Amino acid sequence: MSNIISEIQAATVEVVNDLYSAKLDLAKVNVSATRKDMEGDYTIVVFPFTKMAGKKPEEVGEELGAKLVEAHPHISGYNVIKGFLNLSVADDYWLSVLGDIAADADFGKNEKKEDTVVVEFSSPNTNKPLHLGHIRNILLGWSVSKILQADGYEVKKVQIVNDRGIAICRSMLAWQKFGNGETPESTGMKGDHFVGKYYVKFASEFSKEYEAWQSTPAADEAFENREKKYQALDKTAFIKEYKNDYFNTHSALGAEAKAMLIAWEAEDPEVRALWKKMNGWVLSGFDQTYKTLGVDFTKLYFESDTYLLGKDMIADGLAKNILTQEDKRVMIDLENIGLATKTIIKSDGTSTYTSQDLGTAQLRWDDFAAKKMIYVVGDEQIAHFQGVFEILKRMKAPYADGLFHLAYGMVDLPTGRMKSREGTVVDADDLVNEVKSLARTNLTERGELEVLTAEEKEDIVHRIALGALKYYILKVNPTRRMVFNPEESLDMQGDTGPYIQNAYVRIQSILRKANPDGAALTYSYPSLAPVEKNLIMLLSSYPSVIASAAAKYDPSEVAAFCYALGKTFHKFYHDMSIMKAESEDAKNFRIVLATTVGKVLAKGMDLVGIEMPERM
RNA sequence: GGUCCCAUAGUUCAACUGGAUAGAAUGUCAGAUUUCGGCUCUGAAGGUUGGGGGUUCGAAUCCUCCUGGGAUCACCA
């Protein structure tokens, strides 16, 4: 399908080169939608051509406009204001565009690309439940995957489950010591919450232990012999800072947890069995949450399988003098990109996060031969990924140029509300349940859905609630830090998911009456009202919205598009009568327009992971 | 302290990557509609784009200095 903007660009290049015997670069031609308050559909900025033309902007605009109307069949008129040339596009062109879009079931699916893309997201630890930060991560990863797919890529959605290490040992130890054999089944708790409870239990027991220790001679001794990084501190400040070191030095619980980790690494059967059991609980809990959020993965990687990977690569890097070694410790100097030396293998010979990342990158390459790999990880890890990518570049990994860290900003809460005393963040499941219960209340209050079964109602509640939540998070540019206001996220008016869903529901309701069989309708050329033209222009921009969102890994562009389309439809619905249209042609045209808007709305919202209800 | 990121109506976010008079939503105020409320609709007010300087036809956007906030600077993940 032709794209009017690129047509105008190409025509402009031709005309300018012809008029001023210049060699204009296509990229220099700025074509954008004309401002609402001006006449015209598209605007060309003519300032860049004034130099080569040697004329004033107004003159250039006039010359260009006249030539373009002459040369291009779809351009029906123009006007010039200052250095801006506004072009009008003929109605019959827009009608044919609508016809094309209506007939194209795959509209918005861009040209197939050769590359496969791996998108890594979620990647939780298996010692506690998912929270608000994970939700942003998961929604982003899911949406970016969908958008890349629509843009023509083959996409593999993966996560790396951080299922080993000291954190899970804490939960395990706490359960072993204080659990009295209770299980998710016996307590009726969701598995991840159950294990999380023991993670918290460990933390509180450890704090108690630490507090008791503070008044012992050992604590004074530790303070006297403190390392230089603590030198400036007084005793109180020292105690505050020392907690982590205490875990590794004096703590009995810390020693037990570490012993458990060592036993795990030595594949002690008892520890492994406990670990398997507890991880199983957590993972089944995660599965439920993923299901609620409507996401799934192509493949899961487990850190327990991959944490030893990367050794071959490291040996290779050492052989090529890319990495350096001091006893067992392996590292790399990253000064050229302004980073500190990065340790890849610790001096005790054990692996690091970095060595794992190297190994998993290679493993994914072996699995999928993907030249692009997107890591959806918080922006606090920007420096880490810069380092990892630099290492892979120096090692000349074949996928090194396609690595991208989609670094999203933290989710803040307004003034500490909903933040519990321990600084625990908002739990993912609690949040979803809260949004759902609000949506349920709203829906039953309006009482419009009495005809439906309870099951159908619950399905609608689910779609609306998740629509609200997902849209609220995804409409913000990922790189930005955002404020999550729980009340606003439940809002259904204004720039929200349900507002857009409502446009779709309206369309479906009209169609049930106006064209119940979905018959193919014909109509002959009515003249377009401004809203109608706006709708078609918006529809026609959808493929380029996808391309742009895919290039920037930015779902917020798709969200903004859906909002604009929904809003314009609401206005259309308000201004134009469909059932009582002035003629049969107009009626048929508007039915086709509404049908097409509905179709594209559903497609667009699907890319941000939102399902459309048929009624609400 | 070094490096990186951010700062836009009261608030939450936009602004097609340098284009026209910086836009939405929400909140506030006024009005319409309605069976009260809600929903819906119309309108108004709300901005020196943190501050100064520079680059040019043109700056929220690029450069520079300053102010304020955040992240990071582990042989943690």
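Please read all numbers here as calculations on a predicted model, not as lab measurements. In what follows, chains are A, B, ... by sequence order, proteins preceding strands, each numbered from 1.
In this entry the distance linking CG of A/Leu339 with P of B/C73 reads 11 Å, nearest Å. Atom NE2 of A/His574 and atom C1' of B/C39 are 14 Å apart (whole Å). One can place CZ of A/Phe572 at 18 Å from C1' of B/U40, the figure rounded to the nearest angstrom. Here the C1' atom of nucleotide B/A25 and the NZ atom of A/Lys567 are 8 Å apart, to the nearest Å. One interatomic measurement links the two molecules: OH of A/Tyr408 to C1' of B/A71, which rounds to 14 Å at whole-angstrom precision. The distance from atom CG of A/Asp575 to atom C1' of B/U40 is 14 Å, rounded to the nearest whole Å. When the P atom of B/G38 is taken as reference, atom OH of A/Tyr499 falls 19 Å away, rounded to whole Å. If you measure from atom CD of A/Glu335 to atom P of B/G2, you get 16 Å, rounded to the nearest angstrom.
Near RNA chain B, meaning a heavy atom under 4.0 Å from it, residues 55-64 of chain A has no residue at all.
Look at the C1' atom in both B/C63 and B/C73: the space between them is 27 Å, to the nearest Å. The same atom, C1', is picked in B/U11 and in B/U28; the two are 12 Å apart, to the nearest Å. Here the separation of B/C65 from B/A24, taken at their C1' atoms, is 34 Å to the nearest Å. If you take atom C1' in B/U35 and the same atom in B/G27, they sit 28 Å apart, rounded to whole Å. Nucleotides B/A60 and B/G23 are separated by 12 Å at their C1' atoms, to the nearest Å. Using atom P as the reference point in both B/G18 and B/C66, the two lie 25 Å apart (nearest Å). Taking atom C1' on both nucleotides, B/U64 is separated from B/A25 by 36 Å, rounded to a whole Å. To the nearest whole angstrom, the two P atoms, one in B/A9 and one in B/G38, are 29 Å apart.
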Hey, what are the protein-to-nucleotides 44-47 of chain B N/O distances that come in under 3.5 Å?
none

Give me the distances for all protein-to-nucleotides 74-77 of chain B N/O pairs that come in under 3.5 Å?
{"unit_1": "B/C75", "atom_1": "OP2", "unit_2": "A/Thr343", "atom_2": "OG1", "d": "3.3"}
{"unit_1": "B/C75", "atom_1": "O2", "unit_2": "A/Ser347", "atom_2": "N", "d": "2.8"}
{"unit_1": "B/C75", "atom_1": "O2", "unit_2": "A/Ser347", "atom_2": "OG", "d": "2.6"}
{"unit_1": "B/C75", "atom_1": "N3", "unit_2": "A/Ser347", "atom_2": "OG", "d": "2.9"}
{"unit_1": "B/C75", "atom_1": "N4", "unit_2": "A/Arg329", "atom_2": "NH1", "d": "3.4"}
{"unit_1": "B/C76", "atom_1": "OP2", "unit_2": "A/Lys346", "atom_2": "NZ", "d": "2.8"}
{"unit_1": "B/A77", "atom_1": "OP2", "unit_2": "A/Tyr353", "atom_2": "N", "d": "3.2"}
{"unit_1": "B/A77", "atom_1": "O3'", "unit_2": "A/Glu303", "atom_2": "OE1", "d": "3.0"}

Polar atom pairs (N or O), protein with nucleotides 21-23 of chain B, under 3.5 Å:
{"unit_1": "B/U21", "atom_1": "OP1", "unit_2": "A/Lys82", "atom_2": "NZ", "d": "3.4"}
{"unit_1": "B/U21", "atom_1": "O2'", "unit_2": "A/Arg35", "atom_2": "NH2", "d": "3.1"}

Enumerate the protein-to-nucleotides 31-33 of chain B contacts in which both atoms are nitrogen or oxygen and the separation is below 3.5 Å.
none

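Taking the six-membered ring for Trp and the full ring otherwise, the centers of A/Tyr242 and A/Tyr246 sit at least 6.0 Å from each other. Aromatic ring centres of A/Phe572 and A/Phe569: separated by under 6.0 Å. If you look at A/Tyr375 and A/Phe389, their ring centroids are closer than 6.0 Å. Not less than 6.0 angstrom separates the ring centroid of A/Tyr210 from the ring centroid of A/His250.
In terms of position on RNA chain B, the residue among A/Ile81 and A/Arg506 whose nearest nucleotide sits closer to the 5' end is A/Ile81.
Under the 6.0 Å distance and 45° angle rule, A/Arg170 counts as a cation-pi partner of A/Phe247. Both the sub-6.0 Å distance and the 45° axial angle are not jointly satisfied by A/Arg136 relative to the ring of A/Tyr408.
In this structure, the separation between CG on A/Leu323 and OG on A/Ser355 is 11.0 Å, given to the nearest 0.5 Å. Atom NZ of A/Lys243 is separated from atom OG of A/Ser251 by 10.0 Å, given to the nearest 0.5 angstrom. One finds the CD1 atom of A/Ile536 at 12.5 Å from the OG atom of A/Ser541 (value rounded to the nearest 0.5 Å).
Legend: salt bridge (charged side-chain N to carboxylate O under 4.0 Å, His left out) pairs involving residues 544-562 of chain A, not counting sequence neighbours, sorted by first then second residue: A/Lys552-A/Glu557. Pairs of residues two or more places apart, or lying in two chains, never qualify as salt bridge (charged side-chain N to carboxylate O under 4.0 Å, His left out) while including a residue from residues 501-510 of chain A.
Residues passing the ring-ring contact (aromatic ring centres under 6.0 Å, His included) test with A/Phe302, sequence neighbours excluded: none. Residues passing the salt bridge (Lys or Arg N to Asp or Glu O under 4.0 Å) test with A/Asp333: none are found, sequence neighbours excluded. Under the salt bridge (Lys or Arg N to Asp or Glu O under 4.0 Å) criterion, A/Arg35 pairs with A/Asp37, not counting sequence neighbours.
No donor-acceptor contact under 3.5 angstrom links the side chains of A/Thr34 and A/Asp41, judged on distance only. Between the side chains of A/Thr43 and A/Asn86, at least one donor N or O lies within less than 3.5 Å of an accepting N or O. Side chain to side chain, A/Tyr20 and A/Glu63 meet the donor-acceptor criterion of an N or O pair below 3.5 Å.
Nucleotide B/A7 is matched to B/U67 when pairs are restricted to Watson-Crick or G-U wobble geometry with both distances under 3.5 angstrom. Across all strands shown, B/U28 is found opposite B/A44 as a Watson-Crick or G-U wobble partner, with both distances under 3.5 Å. Both distances falling under 3.5 Å, in either a Watson-Crick or a G-U wobble arrangement, place B/G1 opposite B/C73. Under the Watson-Crick or G-U wobble criterion, with both distances below 3.5 Å, B/G23 is paired with B/C13.
Ring stacking holds between A/Phe47 and B/G19, with the centres under 5.5 Å apart and the planes within 30 degrees of each other. By the stacking rule of 5.5 Å between ring centres and under 30° between planes, A/Phe84 does not stack on the base of B/G19.
Heavy atoms of A/Asn86 sit under 4.0 angstrom from at least one base atom. Using a 4.0 Å heavy-atom criterion, one finds that A/Pro48 contacts the bases of the nucleic acid, with or without backbone contacts as well.
Using cut-offs of 30° and 60° for the angle between ring planes, the A/Tyr307 and A/Trp264 rings count as tilted.
No hydrogens or angles were tested; on distance alone, a donor-acceptor pair under 3.5 Å links the side chain of A/Thr43 to the base of B/A20.
No side-chain heavy atom of A/Leu87 sits less than 4.5 Å from a side-chain heavy atom of A/Val31.
The glycosidic torsion of B/U48 lies more than 90° away from 0, which places this base in the anti conformation.
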Which donor-acceptor pairs under 3.5 Å do the side chains of residues 377-387 of chain A make with protein atoms, sequence neighbours left out?
{"unit_1": "A/Gln381", "atom_1": "OE1", "unit_2": "A/Tyr353", "atom_2": "OH", "d": "2.9"}
{"unit_1": "A/His384", "atom_1": "ND1", "unit_2": "A/Lys342", "atom_2": "NZ", "d": "3.1"}
{"unit_1": "A/His384", "atom_1": "NE2", "unit_2": "A/Asp357", "atom_2": "OD2", "d": "2.7"}

What string of B, S and - do you get for nucleotides 4-17 of chain B, 5' to 3', when a contact is any protein heavy atom under 4.0 Å?
---S----SSS-BB

